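Below you'll find the structure, written out as structure tokens, and then a few comments.
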Amino acid sequence: MASPLDDKTRAIVSACVPALEAHGLAITTEMYRRLLANPEIRDLFNLSHQKDGEQPTALALAVLAYARNIDNPGALGGMVERIAEKHVGLNIRAEHYPFVAEALLGAIAHVLSDAATPEILDAWGKAYWFLADILIGREAQIYDAHAAAPGGWTGWRPFTVRRRTRESETVTSFELVPVDGAPVMRHRPGQYLSFRLDVPGLGSQRRNYSISSAPDDGSYRISVRRIPGGAVSGWLHDDVREGTVLQVSAPAGDFTLADPLPPAIVLLSAGVGLTPMISMLDALAARADAPSIHYIHATRTPDTEAFGRHVRRLAAEGRIRGDVFYSRRAPADGEDAGTAHHTGRMTMDWLRANLAADATYYVCGPDDFMRDAVSTLKAAGVPAGRVRHEFFGSAHDGALVM
């Protein structure tokens with residue numbers, strides 16, 4: 001267990017909040033420059049998040065949140081759990097943490113220059129290792145749970161692509177089975193898989209993709225959107241075929257269904273944010289004790305709507321209620337039988353007007369969509385514990401960090 005920080009250390013870290021507000025992004029950008037100079041460490045990261053500044057921004061927000069809550073670290077529990085799950089998915093281990101400490105403290109000294117006194121650097125070293133010890137301990141628990149679970153594993157495990165399915169003009173699904181033919185760990189609906197991919201011309205790459213299938217003992221399915229200019233998503237769509245072997249780590253993530261289930265669930269998504277929702281939807285629809293389920297999704301046109309027929313069938317059978325918003329072109333009459341379709345973007349006014357008082361909300365999609373939805377729900381009085389959100393990549397929006 002991490003030893004509590006002393007009063008002096010906490011006071012110094014707290015006093016650094018203004019400096020972090022002014023220079024936090026410069027510090028984390030410099031930190032990653034130093035850290036990624038080490039090829040062994042560089043291969044642990046999704047480098048696309050470096051090119052667009054997403055990862056440094058996300059870390060800057062997390063460090064700022066840590067400094068602001070240094071006297072109440074329990075308030076960071078959700079953020080710590082998400083980081084630990086992501087680290088386990090990427091197979092980050094305790095031996096990697098000293099490299100991060102060296103890069104972070106070096107970056108603070110570099111950016112703050114003379115303002116980074118030995119006293120400040122000492123305090124941040126203690127603060128870093130306090131949080132690192134918490135993460136290392138939690139990650140060890142998750143690794144142990146994965147190793148002990150039926151069909152579970154740690155590290156990278158080879159899986160074969162058993163089937164490819166075109167779900168829409170932008171999304172393709174890949175059904176994965178283990179090369180060794182042994183069972184797999186049953187995921188919790190909403191979790192993701194992490195991949196170590198050897199992409200021609202790019203080398204080793206790391207990516208996370210939500211599982212879009214209901215839990216079973218033999219396979220997983222991921223559904224990947226082709227990102228314009230995305231080298232990895234393009235490679236998956238264009239070159240990965242049935243029989244291709246991919247390296248996969250065990251399911252991870254804390255964006256999962258509550259236990260016990262609440263009386264009502266709203267699955268609120270936009271774009272490819274529907275992938276974890278489909279896993280939840282299929283798992284819930286198969287249960288005899290399923291709660292009330294409202295599926296709300298935003299997409300551009302029927303051609304970009306993945307799993308549309310499947311969702312409409314569930315709605316037509318009365319197992320769910322469905323509302324789908326088409327921002328550019330709605331289906332023709334009768335084409336969307338089973339769900340209510342809406343022309344135009346989903347608005348927050350519509351969401352406020354259709355709140356379910358007793359529901360737990362699951363939100364996933366682009367950051368701006370999630371920020372608007374989460375803030376709308378909370379402003380409308382939905383308790384924070386009943387608003388859960390997932391993000392792809394790193395949370396680089398301040399409203400979504402905590």
Side-chain angles (χ1 to χ4, degrees), residues 1-5 9 31-32 35 38 40-46 55 58-59 62-63 65-66 69-70 72-105 124-159 178 182-196 204 206-211 215 220 247-257 259 390-391 393-395 401-402:
M1 179 178 293
S3 299
L5 294 172
T9 296
M31 188 209 81
Y32 278 116
L35 192 61
N38 182 334
E40 180 183 353
I41 302 300
R42 183 173 61 241
D43 284 347
L44 296 170
F45 288 88
N46 179 344
Q55 191 83 54
L59 181 60
V63 171
Y66 181 40
N69 290 276
I70 197 70
N72 182 27
L76 302 172
M79 184 179 75
V80 168
E81 184 65 18
R82 286 195 295 272
I83 293 172
E85 291 279 353
K86 186 65 65 69
H87 283 180
V88 169
L90 295 172
N91 285 291
I92 290 173
R93 297 284 184 167
E95 58 265 27
H96 297 128
Y97 278 85
F99 294 98
V100 180
E102 181 180 1
L104 176 61
L105 295 177
W124 271 101
K126 291 176 180 176
Y128 170 81
W129 280 110
F130 172 75
L131 182 57
D133 286 343
I134 292 173
L135 286 167
I136 290 168
R138 177 60 186 136
E139 288 157 17
Q141 292 175 337
I142 300 172
Y143 281 123
D144 289 345
H146 285 181
W153 73 97
T154 59
W156 301 105
R157 183 178 179 185
F159 277 70
V184 300
M185 186 176 104
R186 293 176 72 91
H187 69 282
R188 290 177 290 154
Q191 290 190 305
Y192 54 82
L193 298 175
S194 297
F195 292 78
R196 186 183 69 190
S204 182
R206 300 292 187 274
R207 292 295 187 273
N208 306 310
Y209 295 109
S210 292
I211 303 168
Y220 303 111
Q247 300 295 322
V248 185
S249 66
D254 66 338
F255 181 67
T256 56
L257 293 170
D259 185 22
E390 176 66 299
F391 42 80
S394 304
V401 169
M402 299 295 287

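Because the structure is a prediction, the values reported are computed rather than measured.
Shown here are the side-chain hydrogen bond (donor to acceptor under 3.5 Å, both in side chains) partners of Glu102, two or more places apart in sequence or in another chain: there are none. For Phe159, the ring pair (Phe, Tyr, Trp, His ring centres under 6.0 Å) partners at least two apart in sequence or on another chain are Trp153, Tyr220. Contacts of Phe195 classified as ring pair (Phe, Tyr, Trp, His ring centres under 6.0 Å), with partners at least two apart in sequence or in another chain: Tyr209. Ala182 pairs by the side-chain contact (heavy atoms from CB on, under 4.5 Å) definition with Arg157, Asp180, not counting sequence neighbours. The side-chain contact (heavy atoms from CB on, under 4.5 Å) test applied to Glu81 returns Glu85, Arg138, Ile142, Asp254, not counting sequence neighbours. Among residues two or more places apart in sequence or in another chain, the ring pair (Phe, Tyr, Trp, His ring centres under 6.0 Å) test is passed with Tyr143 by none. When the side-chain contact (heavy atoms from CB on, under 4.5 Å) test is applied to Leu5, the partners found at least two apart in sequence or on another chain are Thr9, Arg10, Tyr66, Ile70, Lys126, Ala127, Phe130. Every residue two or more places apart in sequence or in another chain that forms a side-chain hydrogen bond (donor to acceptor under 3.5 Å, both in side chains) with His87 is listed here: Tyr97, Glu139. Applying the side-chain contact (heavy atoms from CB on, under 4.5 Å) rule to Ala145 yields no partners; only residues at least two apart in sequence or on another chain are considered.
Looking only at side-chain heavy atoms (C-beta outward), Leu90 and Asn208 come within less than 4.5 Å of each other. Residues Asn91 and Arg206 form no side-chain contact, since every pair of their non-hydrogen atoms from C-beta on lies 4.5 Å or further apart. Looking at heavy atoms from C-beta onward, His96 lies in side-chain contact with Ile41 at the 4.5 angstrom threshold. Looking at heavy atoms from C-beta onward, Val80 lies in side-chain contact with Leu131 at the 4.5 angstrom threshold.
Looking at His146, its side chain does come within 3.5 Å of a backbone N or O of Pro251 through a donor-acceptor pair. Judged by distance alone, the side chain of Ser249 and the main-chain N or O of Gly89 form a donor-acceptor pair under 3.5 Å. The backbone N or O of Gln247 lies less than 3.5 Å from no partner atom in the side chain of Arg196, so there is not a single donor-acceptor pair.
Considering all non-hydrogen atoms of both residues, Ala84 and Leu135 come closest at N-CD2, 4.0 Å. Between Leu193 and Ala250, the shortest heavy-atom contact is CD2-C, 4.4 Å. Nearest approach of Ala65 to Leu76, heavy atoms of both residues: O-CD2, 3.9 Å.
Expressed to the nearest 0.5 Å, how far CZ of Arg42 lies from OG of Ser204 amounts to 10.0 Å. One finds the CG atom of Asn38 at 5.5 Å from the CZ atom of Phe99 (value rounded to the nearest 0.5 Å). Atom-to-atom distance recorded for Tyr32:OH and Leu104:CG is 10.0 Å, nearest 0.5 angstrom. Note that CZ of Arg82 and CD of Glu390 are 8.5 Å apart. Values are rounded to the nearest 0.5 Å.
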(request) With side-chain contact (heavy atoms from CB on, under 4.5 Å) as the test, would you mind laying out the steps for Arg207 and Tyr192 before giving the verdict? (result) CA-CA 10 Å; Arg207 292 295 187 273; Tyr192 54 82; over 6 Å; no
(request) Start with the C-alpha gap between Arg188 and Leu257, add the side-chain angles, then the distance that decides, and say whether side-chain contact (heavy atoms from CB on, under 4.5 Å) holds. (result) CA-CA 8 Å; Arg188 290 177 290 154; Leu257 293 170; over 6 Å; no
